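No hydrogens, no waters, no symmetry mates; every other heavy atom, side chains included, goes into these values. Just so you know, these numbers come straight off a predicted model, no measurement behind them. Along the sequence shown, the residues carry numbers beginning at 1.
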Amino acid sequence: MTSSTRSHEPTGSATGLAPKPGRGSPDEFDPTGTVDPTGTVDPAGTADDEAVGFDPDSSGGRRLPEGHADAGVAGVAVAPDAFAPPGPGEPGEPGEPDGPEGPGSPDTGRARAGGSRRSADRDAAGPGAPNATPAGRHPALALAVRSWRQLTSMRTALLLLFLLALAAVPGSLLPQRNINPMRVDHYLSSHRTLGPLLDKLSGFDVFAAPWFAAIYLLLFISLIGCLSSRIRWHIKALFTAPPKAPARPGRLPGGSSWTSPLAPADATAAARAALRRRRFRASVAAAGARRPDGSPDHSVAAEKGYLRETGNLVFHVALVGLLAAVGFGAWFGYSGTTLVVTGDSMANTIISYDQFSGGKLVDTAKLRPFSLTLNRFAAAYEPNGEPSNFRADVSYSPDLDSPTHEATIRVNHPLVLGNAKIYLIGHGYAPHFVLRDAQRRTVWQGSVPCTPRDGMFTSTCTVKIPDTGLAPLGARKEPQQLAFSGVFTPTTHLDPAQGYISTFPAARAPGLTITGFVGNLHLNEGVPQNVYTVDTRDMRQLTLNGPAGTARQAQVLALNNSRQRTLTGLPGGLSLEADSVAEFATFQVKSDPFKDEALIFAVLIIAGLIASLRVHRRRLWVRARPAPGGGSVVEIGGLSRSHGDGFAVELSQLTTLVREATGPVGGQEPAAQPEPAAGPGEPGAGGGAAAPSTTESRGTAAGGAASNASEREH
């Protein structure tokens, strides 16, 4: 609200404050002119009606945010304004800001006047129309508007973020089908009552559950809606001039004044140029502009620190982008682990993976059709057994009809094929076994990977041979299948206390301690089994002949010695030989089509956070008025919403800079002058308070009240 709209008497004394107009009656005021209709009296004449943007609440139906000056602050009627527009959920209607620019913007008076009109509309509806809506709005539309404002408020966004974190907890406590379906089946079999209930509630598919997706989607809508309005306000603020200077900027905390030989117009022009050199957004009052008392308006309004709000918005927008990138990556990405023995190959099909997890929108029939062959795996170790280097030399074809290429995969140096990356994540040993019949014909052969158990690669091996050629036994035709369980040691050493152990991870003296079983492995019944364990329920242990002697339950084979690597005494005259050992590599194929975007957003989050924490918003005003003996009296003052101590130092430096630009460095402080008579619309016209006699005392009087108001705000 501008000063031209206020009702002040040019004379008279306001000895007290009448009660403020009641809610819903913003236009009521004291017809005698002794009470300011806005509820703010400026007895010292320190505040300009259009100054600083600290407009009082003209609606009478809204409470000013804490920290704004009110009638109870003696000696000063201005306080630090809210530099950034309040977001949804702050004072005002839910999700509705106080104005397009927040408190302190040129449009604030219009926004609050709109609030008064809405209040009047509600009062006009009367008690008999509780569901009446402003401007005849349909109740359904009004409900939709209120719901949208509530959804896009920051309070709702924080609540949804908390709910999302809470909803993710079951996903870490319960087994998930896309990660380990066998554990899910075991949980269901172990919890006959609770398991099916959790399954109906998508407890084993948390991150694909409809309720989880609903929270995720509502969070996105809330954040995007909240940010869209804040971005509009910020863009508008970037192209809006800073708020006009107050009547006496020198009375703000840290303000000062001095005499200058320059005319008021020249002094303000010099001050603007000096502030522009310090990268302030500075604007001079328009030519011909007049103050409420009719005198020319020679003032400069400057502002700096918009990068703080820009960084804040960049942080939140990048956070939304990061969440979107992670979400789309989870929907369209997949990850699979496969073990490849030296000389073998794999293709990018789901049957080639030992473990596979894909997003809900991944079509496993349309995976990129690449293939890979492990030609050689090499590992280097330190003398103490610590690994120093791993490399896998591979041949690959990126597509069905593409030529074969050679590549080397190292740890943290994956092979990139489009959106898919192939990582080397592990390795081990795979002894090669050959099963022969009594006539020395090969019945079965294959390389069996062993699972490492320690840093010296002592490994557990499990060999299962379902087709042995042995006749079934008994009336039920129970098959005679063979299974062997053993411990592989790359560099074998006999320890008196522990038996055969490995003393180095390289295969310098490979050995295998092995036992055998015969019976039904139940491999053909359709029940999943762990390939690294043997189910011995329907099997009996064999006595074996080998290097350790005859009829032994366990034998020790030396794979580098052709005379000590064969087991005999198996049923039907069968024999098993471990003739060599190869190395295998474990690869992880991971496709994340939005990984680069997620990295970009993460960098923007850090940059925005640094900007929002390091940059501080501050405003500065300079006003010049004609001096009685010629030249001008220049006043300067400023406010900062935060970083008060640092701004005090900066304000002192800027004061020195402006003084040097507007006159001699040793210029004298102006002598105490009587306050000019206030015009009909001048703030403080009805005040009877005497003005301080010196500049210092004026600054002190105003500074105390403004500092208290600033403390309440922060």
Side-chain angles (χ1 to χ4, degrees), residues 3 40-56 67-81 104 242-260 264 267-268 271 285 291-293 295 297-302 618-627 632-641 644 647-648 650-652 654-655 658-659 662 668-678 682-685 687-711 713:
S3 58
T40 302
V41 175
D42 183 15
T46 59
D48 192 348
D49 203 34
E50 297 176 341
V52 203
F54 308 140
D55 299 325
H68 285 254
D70 56 20
V73 179
V76 64
V78 296
D81 66 335
K244 295 180 180 180
R248 296 291 184 266
R251 296 179 180 179
L252 294 174
S256 61
S257 62
W258 63 89
T259 58
S260 170
T268 53
R291 297 188 59 206
D293 62 354
S295 61
D297 186 5
H298 300 291
S299 62
V300 179
R618 56 266 198 209
R619 285 174 176 170
L620 198 73
W621 298 278
V622 179
R623 182 175 291 281
R625 65 179 186 272
S632 60
V633 177
V634 182
E635 293 186 68
I636 188 172
L639 292 174
S640 175
R641 183 172 183 177
F647 178 70
E650 184 181 17
L651 179 59
S652 177
L654 293 171
T655 300
V658 174
R659 290 186 64 160
T662 57
Q668 298 296 320
E669 293 291 335
Q673 300 292 335
E675 293 294 332
E682 179 77 1
S693 60
T694 64
T695 303
E696 181 179 359
S697 62
R698 288 198 304 270
T700 303
S707 298
N708 293 335
S710 178
E711 290 176 1
E713 180 179 5

Criterion side chain to side chain contact (heavy atoms under 4.5 Å, CB included) against Leu620, the qualifying member of Val300, Leu639, Leu252, Leu651 =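 Only one option passes, and that is Leu651.
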Between Val634 and the options Val622, Thr655, Thr268, the side chain to side chain contact (heavy atoms under 4.5 Å, CB included) test singles out Val622
Indicate yes or no: at least one non-hydrogen side-chain atom of Ser256 is less than 4.5 angstrom from one of Ile636.
->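 A side-chain contact under 4.5 Å exists here.
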Under 4.5 Å between any side-chain heavy atoms of Ser632 and His298, yes or no?
->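 No, too far: nothing below the 4.5 Å cut-off.
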Please report the shortest heavy-atom distance between [X] and [Y], naming the atom on each side.
X      : Y      : result
Phe647 : Arg618 : CE1-CB, 3.4 Å
Pro264 : Arg625 : CG-C, 4.0 Å
Gly250 : Glu635 : N-OE1, 3.2 Å

Quick one: side-chain hydrogen bond (donor to acceptor under 3.5 Å, both in side chains) partners of Ser299, sequence neighbours excluded?
->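 Once residues adjacent in sequence are excluded, the partners of Ser299 under the side-chain hydrogen bond (donor to acceptor under 3.5 Å, both in side chains) criterion are Asp297.
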Short question: side chain of Arg659, backbone of Trp258 - any donor-acceptor pair under 3.5 Å?
->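 No.
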Is a side-chain N or O of Arg623 found less than 3.5 angstrom from the main chain of Arg248, in a donor-acceptor match?
->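 No.
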Could you pull out all residues at least two apart from Ala301 that satisfy side-chain contact (heavy atoms from CB on, under 4.5 Å)?
-> Pro242, Ser283, Trp621
Partners meeting side-chain contact (heavy atoms from CB on, under 4.5 Å) with Ser295 (sequence neighbours left out) = Arg291, Asp293
